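As C-alpha cells, the structure follows; a few thoughts come after it.
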There are 2 protein chains.
Amino acid sequence: MVAEPADVVGCCSPLAREPLDAEQAVDLSRSFKALGDPVRLRLLSLIASHEGGEACVCELTDTFEVTGPTISHHLKVLREAGLITGERRGTWVYYRADPDALRRLSDVLATGRPIPA
Amino acid sequence: MVAEPADVVGCCSPLAREPLDAEQAVDLSRSFKALGDPVRLRLLSLIASHEGGEACVCELTDTFEVTGPTISHHLKVLREAGLITGERRGTWVYYRADPDALRRLSDVLATGRPIPA
DNA sequence: CCCGTGTATCGACGAATGTCGAATCAGAGG
DNA sequence: CCTCTGATTCGACATTCGTCGATACACGGG
C-alpha cells in the first residue's frame with residue numbers, strides 16, 4: 001500500500017516547523033502545481049462556492065473564454081491532484097471540492113500560527 | 001497605485017466562500033505556481049524552518065542534486081512571487097520567508113473553518 | 001590591485017504545459 | 001435505432017519551464 005499524502009505530511013506539519021524531505025515535497029508540489037493556473041483556481045473556487053457544494057460542468061464552461069475541451073482538461077488536472085471529485089448523473093457531470101485536501105494544503109502553509117484543534 | 005495582492009484577496013476570503021474573479025485568480029495562481037515545484041518547496045521550507053528565520057544560499061545548495069545556477073533560479077522565482085526576501089551581507093546572501101504571504105495563501109485554502117483571529 | 005569564493009545572469013536545449021479543433025464516448029428521447 | 005446534446009479524449013502546436021555550462025558580478029583578503 002502506498003502512503004497517502006495525509007500520512008506523509010501528517011495533520012499538522014507546517015512548512016516552517018521542519019524541512020520537507022524530498023518525497024513530501026514531490027507530493028505537495030503536485031497539488032500546488034494544480035493550483036498554479038488561473039483557470040483551475042477559478043474552476044475550483046466556482047465548484048467549492050457553488051450552492052450545494054457541487055457544480056455541473058455545463059455551468060462552468062460558460063464562465064470562461066476557453067473551449068470545452070480545455071475546461072475538461074483542467075478539471076482532469078484538479079481531479080488527479082485529488083482536489084475535486086466528479087460524478088456523472090444522467091447527461092451531466094457534477095464536480096465537488098475535497099475539503100480535506102484543501103485543508104491539508106492550507107495547514108502546510110499556516111506558519112507561525114497554532115493549528116486549531 | 002496598483003492594488004496589493006492583500007487588497008485584492010482580502011484577509012479572510014477563502015476559495016469556497018465566493019468565486020474568485022479573473023484578476024484574483026491570476027494573482028493567486030502566480031504564488032501557487034511558485035510552490036508547484038519540489039525543489040522550490042524544499043527551499044522555502046529550509047529557509048522558513050532555519051534557525052533565526054533565515055538561511056544562507058551556501059547552506060541551501062548542498063542539500064540538492066541540482067547546480068548552483070538552478071538553485072539561484074528557483075530562489076528568484078520564489079522572490080518574485082513575494083514568498084521570500086533576500087539580503088546580501090558581505091560575501092553571502094541570506095533569504096527569509098515572508099510569513100504574511102504564506103498566511104494569505106493558507107487562508108485562501110482554509111475552507112469551512114473560521115479564520116483564527 | 002588582483003585573486004578567490006559565493007551568487008546571479010545568460011544562452012541553449014529537452015520536457016512539460018495550455019490551448020485548440022476534430023473525433024469519440026455516454027445518455028436521453030424521439 | 002438514430003440523433004441530439006453534454007463531456008471527454010486525441011493529436012497537434014506554440015509557449016513556458018527546469019536544467020545545465022559558461023560567463024559575469026559582488027565582496028573580502030592578501
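Not measured: the values here are computed from a predicted model. Every chain is numbered from 1 and lettered A, B, ... according to where its sequence line falls, protein lines coming before strand lines.
- Residues A/R88 and A/Y94 have side chains that never bring a donor and an acceptor to within less than 3.5 angstrom of each other.
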Query raised in the report: Could you walk me through whether B/L46 and B/Y95 pass the side-chain contact (heavy atoms from CB on, under 4.5 Å) check?
Result: CA-CA 10 Å; B/L46 279 168; B/Y95 281 95; over 6 Å; no
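- Rounded to whole angstrom, the span from the OH atom of A/Y94 across to the P atom of D/dG6 amounts to 12 Å.
- Atoms CD1 and NZ, from B/I84 and B/K76 in turn, are 12.5 Å apart once rounded to the nearest 0.5 Å.
- In this structure, CG on B/L102 lies 7.5 Å from CG on B/L35, to the nearest 0.5 angstrom.
- In this structure, the CD atom of A/E80 is 12 Å from the C1' atom of D/dT8, given to the nearest Å.
- Regarding A/W92, its CH2 atom lies at a distance of 9 Å from the P atom of C/dA28, rounded to whole Å.
- Nucleotide D/dC17 holds its P atom 12 Å from the NZ atom of B/K76, rounded to whole Å.
- The separation between B/I71 atom CD1 and D/dG18 atom C1' is 12 Å, rounded to whole Å.
- No donor-acceptor pair under 3.5 Å is formed between the side chain of A/E80 and the backbone N or O of A/V77.
- Here A/R104 contributes atom CZ and A/D98 contributes atom CG; the two are 8.5 Å apart, rounded to the nearest 0.5 Å.
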Report task. Just do the salt bridge (charged side-chain N to carboxylate O under 4.0 Å, His left out) check on A/E23 and B/R42 with the steps written out, would you? Result -> CA-CA 10 Å; A/E23 196 184 343; B/R42 291 178 69 194; over 6 Å; no
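- Of the charged side-chain nitrogens involved, at least one lies within less than 4.0 Å of a carboxylate oxygen, so that B/D107 and B/R103 count as a salt-bridged pair.
- We find the OG-CG distance between A/S29 and B/L41 to be 6.0 Å, quoted to the nearest 0.5 Å.
- Remark: P of D/dT16 and CZ of B/R30 are 13 Å apart, rounded to the nearest angstrom.
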Quick one: which protein N/O atoms are closer than 3.5 Å to N/O atoms of nucleotides 17-19 of chain C? Pair and distance per line, please.
from   : atom 1 : to    : atom 2 : distance (Å)
C/dG18 : OP1    : A/R40 : NH1    : 3.4
C/dG18 : OP1    : A/R40 : NH2    : 3.0
C/dG18 : OP2    : A/R40 : NH1    : 3.2
C/dT19 : OP2    : A/H74 : NE2    : 2.3

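- Distance alone, capped at 3.5 Å, is enough to place a donor-acceptor pair between the B/R40 side chain and the B/A34 backbone.
- With rounding to the nearest 0.5 angstrom, the CH2 atom of A/W92 is 10.5 Å from the CD atom of A/E59.
- Remark: B/C56, B/V57, B/C58 in residues 53-62 of chain B come within less than 4.0 Å of DNA chain C through at least one heavy atom.
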Report summary line: Scoring nucleotides 23-30 of chain D by protein non-hydrogen atoms under 4.0 Å (B base, S sugar-phosphate only, - none) yields ---SSS--
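- As a whole-Å value, the separation of A/E87 CD from D/dG6 C1' is 16 Å.
- In this structure, CZ of A/F64 is placed 12 Å from P of C/dC20, rounded to the nearest angstrom.
- Within 4.0 Å of A/Y95, counting heavy atoms only, lie sugar-phosphate atoms of the nucleic acid but no base atom.
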